[in-house]
Amino acid sequence: MMDNKFIRYLVVMFFAFVADSLLCYYLPASLLKINLTIVPYGAVAMFVLLNNSIDNDHRTIFAVICGFYYSVIYGNSLFIYVVLYLLYALFGKYYMKKATFTYFQAFVIVLLTIFVQECVLYSLMWISNTTQLLVTTFLIKRLLPTLLFNAVMFNGVYYIHHKIKLEGDIDVYFS
C-alpha cells in the first residue's frame, strides 16, 4: 500500500498542475502584440524538487503517474511526457541522492530540466514536420520567454516546497 507521504506528493503535484493550467489560461496568447509564447512549468519545477526527496520505491510510479497525467490532460503526444518524467526520475535517483538542495542548485537544475524538455519537444515537432518554426524563432519567441518566466515563477515554487517541508533529509555535498 502507498504511504501517506507519497499521497501528499501526488496531491501537491495535482495542485501544481492546476496552477499551471490557470497560468496558461490567464497568460495572454499574444503578449504585448509580439507573439511570445510562454509555457509555465511550475509543475515540472515542483516535480524536480519532489523527485529529489521521494523514496526509491515510489520514484518510478510517481514519475509515470505525473507524466501520464500531463500527457492526457495537456499534451497531444501521449507517451513522450511519460518518458521525459521517467528520465527526470532516473536522473534524480542516480545523481541527486536525496540531497538537500540549496536555492541556487535547485534553480539551476529546474531551469536545465525546462530547457531540456522544451528542446526535446521542439526537436520532436520539427522531425515530425508538425512545426515550421525556425530554430532562431523558437529560441527568441518561445524558449527564452519561457525560461525567464519560469525563473521568476521558481521563487514561488521553491517557497511552497520549502514551506510544506518535503525536502530530502541528507546533504550529500557536506556530509
Side-chain angles (χ1 to χ4, degrees), residues 9-32 34-54 59 62-93 95-96 101-126 130-131 133 135 137-164 166-167:
Y9 287 174
L10 290 176
V11 170
V12 167
M13 283 305 299
F14 173 76
F15 284 117
F17 283 131
V18 169
D20 275 355
S21 296
L22 290 172
L23 283 172
C24 280
Y25 182 75
Y26 286 110
L27 281 174
S30 177
L31 194 64
L32 302 174
I34 53 177
N35 293 329
L36 293 179
T37 302
I38 297 174
V39 181
Y41 280 114
V44 170
M46 185 61 79
F47 176 82
V48 169
L49 293 172
L50 291 178
N51 182 49
N52 189 43
S53 58
I54 196 166
R59 189 181 306 258
F62 181 65
V64 168
I65 290 171
C66 291
F68 189 72
Y69 179 83
Y70 193 89
S71 293
V72 169
I73 302 299
Y74 305 107
N76 56 3
S77 56
L78 188 57
F79 289 108
I80 188 62
Y81 293 103
V82 176
V83 171
L84 284 171
Y85 277 80
L86 276 171
L87 289 174
Y88 301 152
L90 290 174
F91 177 78
K93 178 180 179 182
Y95 296 107
M96 297 305 152
F101 283 145
T102 64
Y103 173 82
F104 182 72
Q105 291 167 335
F107 182 77
V108 169
I109 290 170
V110 165
L111 285 185
L112 283 174
T113 303
I114 293 169
F115 176 79
V116 167
Q117 184 163 333
E118 281 291 309
C119 290
V120 166
L121 294 175
Y122 174 75
S123 300
L124 289 174
M125 289 173 54
W126 189 75
T130 307
T131 185
L133 197 62
V135 174
T137 306
F138 164 73
L139 291 173
I140 294 170
K141 301 254 183 188
R142 178 171 171 143
L143 185 63
L144 186 61
T146 296
L147 288 174
L148 290 174
F149 178 80
N150 284 291
V152 172
M153 189 174 67
F154 174 77
N155 296 312
V157 172
Y158 188 80
Y159 177 77
I160 291 168
H161 179 263
H162 184 69
K163 278 299 193 186
I164 57 178
L166 293 173
E167 295 175 320

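Scope of the values below: all heavy atoms of this structure, side chains included, with no hydrogens, waters or symmetry mates. Position 1 is the first residue of the sequence, and the numbers go up from there.
Contact detail for G67 and V82: the closest heavy-atom pair is C-CG2, 3.6 Å. Residues N150 and Y41 share a closest heavy-atom pair of OD1-N, 2.7 Å. Residues P145 and I38 approach most closely at CB-CG1, 3.9 Å, considering heavy atoms.
Ring geometry, F154 versus Y103: the interplanar angle falls from 30° to 60°, so the pair is classed tilted. Using cut-offs of 30° and 60° on the angle between ring planes, the pair Y85 and F47 is perpendicular.
Within the 4.5 Å cutoff, side-chain heavy atoms of L86 are placed close to those of V64. Using a 4.5 Å heavy-atom cutoff, the side chains of Y88 and L84 are in contact. Contact of the D20 side chain with the M153 side chain is registered, since non-hydrogen atoms from C-beta on lie closer than 4.5 Å.
Once rounded to the nearest 0.5 Å, the distance linking OG1 of T37 with CZ of F138 reads 10.0 Å. With rounding to the nearest 0.5 Å, the separation of CG in L147 from CZ in R142 is 10.5 Å.
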**Request:** Determine, step by step, whether L50 and F62 satisfy the side-chain contact (heavy atoms from CB on, under 4.5 Å) criterion, reporting the C-alpha distance in whole Å, the side-chain angles of both residues, the deciding distance to 0.1 Å, and the verdict.
**Result:** CA-CA 10 Å; L50 291 178; F62 181 65; 4.1 Å; yes
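In this structure a side-chain-to-backbone donor-acceptor pair under 3.5 Å is present from R59 to I54. Side chain of T146 to main chain of V39: a donor-acceptor pair is present (N/O by atom type, distance under 3.5 Å, no hydrogens or angles).
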Distance-only check: which donor-acceptor pairs under 3.5 Å involve side-chain atoms of residues 11-18, not counting sequence neighbours?
none

